[in-house]
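As structure tokens, the structure follows; a few thoughts come after it.
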Amino acid sequence: MSAASLDGILGSGRAARLRIWLRRAWALTVKEYIQLFRDTVLVLFMAYAFTLDVYVAGVGVNWQLNNAGLGVHDADKSTASREVAGRFRAPYFRNLGSVATREAGQRLLDQGGLMVVLDFPPDFGADILRGRQTAIQMQVDTANSAIGSLATSYGGEIVGRYGLERALNVPELNVDKIHGVPFIIDETRAWYNQNQEDSWFMALAEIISNMTLLSILLPAAALAREKERGTVEQLMVSPLSPVQILAPKILAMGSVILAGLAAGVFAVVIGVFHVPARGSLLLFFAVSALYIAFTAGIGLLIATIARNLAQVGMLTVLVFAPMIFLSGAWTPPEAMPSWMRLLMDCLPMHYMLDAGFGILLKGQGVGELWRELLGIIGLGAPILALSLWRFRRQFR
Amino acid sequence: MNLIRVAALAQKEWREILRDRLFFSLSFVVPALLMLLFGYGLSLDVENIPFAIHDLDRTPQSRDYAYRFIHSRYFDFKGYVTGEAQAQQLLGQGSVRAVIVIDRNFGRELSADRPAHVQTLLDGTFPYRTQVTKGYITAINTAVTRELLADYMVRVKGLSPSRAQDAVDPVRLEVRYLYNQGLKSSWGVASKLIMALLLMCPPFLTALGVVREKESGAIYNIYASNATRAEFLVGKLNPYFCIAFINAMVLWAMACFLFGAPFKGSATAFLFATVLYVLCSTGIGLLISILVGSQVAAMIVTAVVTAMPSMLYSGLLTPVASMNWTARGVAAVFPAMYYGRIIESCFLKGLGWGNAWGDMLVLAGYGAGLFAVGYAMFHKRGKT
């Protein structure tokens, strides 16, 4: 906006004051930029957090049951037992051959060489032929319960299917081949992520987590550093208001974080993993900018409490770890106890994740995201106001 | 190495920590608090999945079928929807994760002994949740089909009800959960949380140790003193190691007594491994502190390098074995994976030295490596 038009709107006296206000804030913003970019290690690790780290999380972390080592203790060695064992196959299971005794199977499970051991009783095949009910034992290493429960679920599905085929006396449970019997045919469709790519979820969750971490830590450290060194006293005696001191920090750090986010989203999330970006990217970045600004408020609040950077470090862990954990980036909210889901509703990051998935995967717009936007603003604004109030009180 | 000088340096560090009361208390409060929160909350047992039903049929059969889901403890019924648009809206909002659509001719087909169709729409944003939900739905569908078939065989083929039962369910799968009966993730999680939290918190304790002195200039006292580099580093690490080790013991006690995780293995093996592991995790922070130039950078690097990987790549959420080679590489770079295996064998599997010595060797080598690199990179003559 040109000086002349400002004069026209505000009257020349107020316009001049606004210009001075903005110029001072801008000078401090430039100072923050310079300080940030002189720290090469810091910039390098921020770049890493938004690109390579997101790539590794997306490509590497896998929630599927994948090649789970399977051993078979077959005391029967009939066609039937061989057929059932043969159905535990890739991609879920990897048959690593037979184990001679139960003890050998147990030992392999202990050592972690196997995840599942199937145990067929001696007259398994004969019972099947005679139409007598029989049972297979399946031992599952559930030390990791996510994969354990998936293994159990797939095992149940395989055996259930085999049982129904025997009952109907058909070689294969094919929709076209079942006639004249009552039967439930279920067709499942997974929306928003048809091929169930873990990378879509992991990459987005990771980039939003890293954005949150940096939005808290960078402003917190920037302010705490000034307190520790005493340069904040210098700022206090300068003709700057508390807003003028804090806003440039949020602006400088926030814009760098937003640039990192954009690089990560275009290069990795969309570039490498082909997340569809069904909604408006502009909206995604606008919501992210809002979120970064308010999350920076948490960082500034930490900095008003802490006296030095070591305290900032501990306080950040205290705030960030529960936040990311409760937000739904690591575990599905449906797995949490109900009182934790109440806590979850109080976390801005939870709304940011929902908004991120909503815009990029579900193609939602502002109209459908009003709840998330309300959450981000309604929770973020009071925190930012509180940090401003505390900062003002500390130094006046 | 002169032990008196090490003791003097350690004492100075202790005093500094003790005088910073907020930092000192946080260094104990944070891990314990996170243990409480994660221990009670970190669960992957997906239950109470919110779902809705779109019943196009509205016959007694379709209602019976719907009740199978409504009464299941795995599902949380949110009501009937009236149309596709409403189903789409609910899935979009995330207020339901699944919508079961019962076909228009469901009841008529079943009454005529013909296959009936249903369709399940799932929210696919979190693939793990989707897979688990799909598993539950398939299991319920299989159970319903079995009942329908048994009933059909009794009516049409004249089998006795018990023979029909056997015929439709010829093979039962008896699942035995090893190490963790009842598939409670809080057990397995509580013991593994020791590993994750000991990688998440201690590096933050040490990360500023050296760089703080560099920034304030106090390091020149060390440069000018007769204490050697090794003495300085050992003295520096001493108090943080003690704090982290006490934390480890507190976390262990919480896992055993609060969360009831069974500790079946060798206590000495566990103790020894914990000493090594705590040395590694505090050592990572110290190494970062030596390598970076500013406190802010030290904190960012620590957060990016330890906080996130301690959860993602340690085998806490998903096992390392099912990761692809890139992530397995990342996992192998952190000590958590090795310690995690020792914890697993000590806690859940009831094993001891025999299984753990290989991983202990790795941890010992890791700690020695950290110290060697730190020693080589720390110069008493500042580069100017």
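Chain letters run A, B, ... following the sequence lines, proteins first, then strands; residues in each count from 1.
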Restricting to side-chain contact (heavy atoms from CB on, under 4.5 Å), what partner residues turn up for A:Y92, sequence neighbours left out? A:L65, A:Y154

Tell me, for A:L369 versus chain B, whether the close heavy atoms (under 4.5 Å) come from the side chain, the backbone, both or neither. neither

Residues in side-chain contact (heavy atoms from CB on, under 4.5 Å) contact with A:N308, at least two apart in sequence or another chain: A:E228, A:A310, A:Q311, B:D20

Looking only at A:V41, A:V159, A:D186, most heavy-atom pairs under 4.5 Å shared with chain B are made by A:D186

Measure the CG-CG distance between A:L318 and B:L34 for me, rounded to the nearest 0.5 Å. 6.5 Å

Point-to-point distance, once rounded to the nearest 0.5 Å, from OG1 of A:T316 to CG of B:L26: 10.5 Å

Nearest heavy-atom approach of B:G135 to A:S153 is CA-OG, 3.5 Å

Per-residue contact mode, B:Q88 against chain A (heavy atom under 4.5 angstrom): both

Taking every non-hydrogen atom, the tightest pair across A:V140 and B:V175: CG2-CG1, 3.8 Å

CZ (B:R328) with more than 12 external heavy atoms under 6.0 Å: yes

Using a cut-off of under 4.5 Å for heavy-atom pairs, which of B:E47, B:M153, B:R163, B:Q131 has the most such pairs with chain A? B:Q131

Side chain / backbone / both / neither for B:T138 at chain A, heavy atoms under 4.5 Å: side chain

With a 4.5 angstrom heavy-atom cut-off, which part of A:Q137 approaches chain B: side chain, backbone, both or neither? both

Using non-hydrogen atoms and a 4.5 Å limit, figure out which bit of A:I128 sits close to chain B: side chain, backbone, both or neither. side chain

Does any heavy atom of chain B fall under 4.5 Å from the side chain of A:Q196, the backbone, both, or neither of them? both

Determine, stepwise, if the pair B:N48 / A:E334 fulfils side-chain contact (heavy atoms from CB on, under 4.5 Å). CA-CA 6 Å; B:N48 295 321; A:E334 280 78 14; over 6 Å; no

Most heavy-atom pairs under 4.5 angstrom with chain A, which of B:V144, B:L149, B:V156, B:V292? B:L149

Search all heavy atoms of B:T125 against all heavy atoms of A:F201 and return the closest pair with its distance. O-CD1, 3.4 Å

Spacing of B:L312 atom CG and A:D53 atom CG [to the nearest 0.5 Å]: 8.0 Å

Output the distance between atom CD (A:E157) and atom OG1 (B:T142), rounded to the nearest 0.5 Å. 7.0 Å

When heavy-atom pairs shorter than 4.5 Å are enumerated against chain A, which of B:V304, B:L37, B:V101 gives the highest number? B:L37

Point-to-point distance, once rounded to the nearest 0.5 Å, from CD1 of B:I100 to OG1 of A:T188: 10.0 Å

Which portion of B:I137 sits near chain A, non-hydrogen atoms under 4.5 angstrom: side chain

Can you tell me which of A:S338, A:P337, A:G358 forms the most heavy-atom pairs within a distance under 4.5 Å of chain B? A:P337

Taking all heavy atoms of B:M299 and all of A:A221, pick out the closest pair and write down the distance. CE-CB, 4.0 Å

By a 4.5 Å heavy-atom criterion (distance strictly below it), what part of B:R97 contacts chain A: side chain, backbone, both, or neither? side chain

Under 4.5 Å from any heavy atom of chain B - which part of A:A57: both

Give the member of A:R229, A:R307, A:M336 that has the highest number of heavy-atom pairs under 4.5 Å with chain B. A:R229

Heavy-atom cut-off 4.5 Å, strictly under: side chain, backbone, both or neither for A:M340 against chain B? side chain

Can you say whether B:V330 sits under 4.5 Å from chain A via the side chain, the backbone, both, or neither, judging by heavy atoms? side chain

Is the number of heavy atoms from other residues, nucleotides or ligands within 6.0 Å of CZ (A:R38) greater than 12? no

So which residue, A:N210, A:I184, A:L204, ends up with the most heavy-atom pairs under 4.5 Å with chain B? A:I184

Report which part of B:L121 has an atom under 4.5 Å of a heavy atom belonging to chain A: side chain, backbone, both, or neither. both

Would you check if the side chain of A:Y192 reaches a backbone N or O of B:G92 as a donor-acceptor pair within less than 3.5 Å? yes

Most heavy-atom pairs under 4.5 angstrom with chain A, which of B:E109, B:Q93, B:R341, B:E215? B:E215

Given a strict heavy-atom distance threshold of 4.5 Å, which part of A:W200 is in contact with chain B: side chain, backbone, both, or neither? neither

Residue selection (most heavy-atom pairs with chain A, distance under 4.5 Å) from B:L208, B:I300, B:T326, B:T302: B:I300

Closest non-hydrogen atoms of B:V46 and A:P332, given as atom of the first, atom of the second and distance, are CG2-CG, 3.8 Å

B:F38 vs A:F325 aromatic rings, parallel, tilted or perpendicular, using cut-offs 30° and 60°? tilted

Go through the atoms of A:L309 and report whether side chain, backbone, both or neither lie under 4.5 Å from a heavy atom of chain B. both

Measure across B:L148 and A:F183 and return the closest heavy-atom pair with its distance rounded to 0.1 Å. CD1-N, 4.4 Å

Which region of A:L213, side chain (C-beta onward) or backbone (N, CA, C, O), has a non-hydrogen atom less than 4.5 Å from a non-hydrogen atom of chain B, or is it both or neither? side chain

Using heavy-atom distances under 4.5 Å, tell me whether A:R189 contacts chain B through its side chain, its backbone, both, or neither. both

With a 4.5 angstrom heavy-atom cut-off, is it the side chain or the backbone of B:A167 that approaches chain A, or both, or neither? backbone

Top contributor to chain B contacts, counting heavy-atom pairs under 4.5 Å, from A:W191, A:Y48, A:F320, A:F45: A:W191

Using non-hydrogen atoms only, which part of A:L315 is less than 4.5 Å away from chain B: side chain, backbone, both, or neither? both

Given 3.5 Å as the limit, does a donor-acceptor pair link the side chain of A:Q133 with the main chain of B:D169, or not? yes

Is it the side chain or the backbone of B:R212 that comes within 4.5 Å of chain A heavy atoms, both, or neither? side chain

pair A:L164-B:T145: side-chain heavy atoms closer than 4.5 Å: yes

Determine the option with the most heavy-atom pairs under 4.5 angstrom with chain B, choosing from A:Y162, A:W339, A:F124, A:W330. A:W330

Relative to chain A, which segment of B:V305 carries a heavy atom at a distance below 4.5 Å: side chain, backbone, both, or neither? side chain

A:P322 portion near chain B, given a 4.5 angstrom heavy-atom threshold: both

Given heavy-atom pairs under 4.5 angstrom as the criterion, report whether the side chain, backbone, both or neither of B:Y65 touches chain A. side chain

CG of A:D198 to OH of B:Y128: how many Å apart, nearest 0.5 Å? 11.5 Å

Which atoms of B:D123 come close to chain A, meaning under 4.5 Å heavy atom to heavy atom: side chain ones, backbone ones, both, or neither? both

With chain A as the partner, which of B:S294, B:G124, B:G329, B:G293 has the greatest number of non-hydrogen pairs under 4.5 Å? B:G124

